[in-house]
K.L.:
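I am attaching a structure below and will ask some questions about it afterwards.
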Amino acid sequence: HMVDVKDEQQQRFLADRIAARSDVTTWLGVKTAPAAFVQSDGSPFSAPLQWSSSEPADPCDLCVLLDSSDSYRAKTAPCTEQHNYVCQAALQSCDINVCQNGGNCTSCFNGSSIFCDCP
């Protein structure tokens with residue numbers, strides 16, 4: 001499924017990768033529902049993203065993207081627009097824990113991306 005962004009750190013990580021590779025506006029796995037935002041898996045959306053100045057718009061069947069023309073801030077748009085998207089892969093434990101200070105190491109995309117969560 002499309003990537004679910006849960007916080008500003010993930011948003012910045014994605015924005016940096018997108019800017020370095022394609023520098024285009026990219027869909028997130030977030031869609032508005034009547035009176036609420038939800039993740040692509042249907043769970044409630046409550047992440048503290050950095051929104052464009054006029055956002056978030058009132059929910060009415062819109063999707064959320066990272067807007068390349070506005071420093072990759074979150075923006076709502078009709079779901080029928082065509083934009084790039086990022087798929088999400090399940091995190092796996094690292095073969096070797098490379099994190100310092102007792103951090104927990106996870107990776108995805110066959111080990112090509114590694115994340116350290118500090119306690």
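Treat the numbers as computed from the prediction; the structure is a model and nothing was measured.
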K.L.:
Can you check whether F13 reaches I18 side chain to side chain, under 4.5 Å on heavy atoms?
P.N.:
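The answer is no; the side chains never approach within 4.5 Å.
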
K.L.:
Under 4.5 Å between any side-chain heavy atoms of T26 and L14, yes or no?
P.N.:
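Not in contact.
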
K.L.:
Any heavy-atom pair between the side chains of V3 and L28 that's under 4.5 Å?
P.N.:
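Of all side-chain heavy-atom pairs linking V3 with L28, at least one is under 4.5 Å.
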
K.L.:
Do Q11 and Q50 have a side chain donor and acceptor closer than 3.5 Å?
P.N.:
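No, no side-chain donor-acceptor contact under 3.5 Å.
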
K.L.:
Which heavy-atom pair separates A15 from Y72 by the least distance, and what is that distance?
P.N.:
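What the structure gives for the nearest pair is CB-CB, 3.4 Å.
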
K.L.:
Look up atom NZ in K75 and atom OG in S68, then write down how far apart they are to the nearest 0.5 Å.
P.N.:
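Interatomic distance, K75 NZ to S68 OG, rounded to 0.5 Å: 9.5 Å.
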
K.L.:
Of all heavy-atom pairs between T25 and L65, which one has the smallest distance, and what is that distance?
P.N.:
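Scanning both residues, the minimum pair turns out to be CG2-CD1, 3.5 Å.
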
K.L.:
Can you see which heavy atom on S71 is nearest to which on R12, and at what distance?
P.N.:
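Here S71 and R12 meet closest at O-NH1, 4.2 Å.
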
K.L.:
Can you name the closest pair of heavy atoms from V64 and A74 and give their distance?
P.N.:
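Scanning both residues completely, I find the closest heavy atoms to be CG1-CB, 4.0 Å.
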
K.L.:
Find out whether R73 and D67 are in side-chain contact, i.e. whether some heavy atom of one side chain is under 4.5 Å from a heavy atom of the other.
P.N.:
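In short, these two side chains do not touch, never coming nearer than 4.5 Å.
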
K.L.:
So N84 and W27, do their side chains get closer than 4.5 Å, heavy atoms only?
P.N.:
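No, side chains not in contact.
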
K.L.:
Do the side-chain N and O atoms of S52 and D70 include a donor-acceptor pair separated by under 3.5 angstrom?
P.N.:
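There is such a pair between these side chains.
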
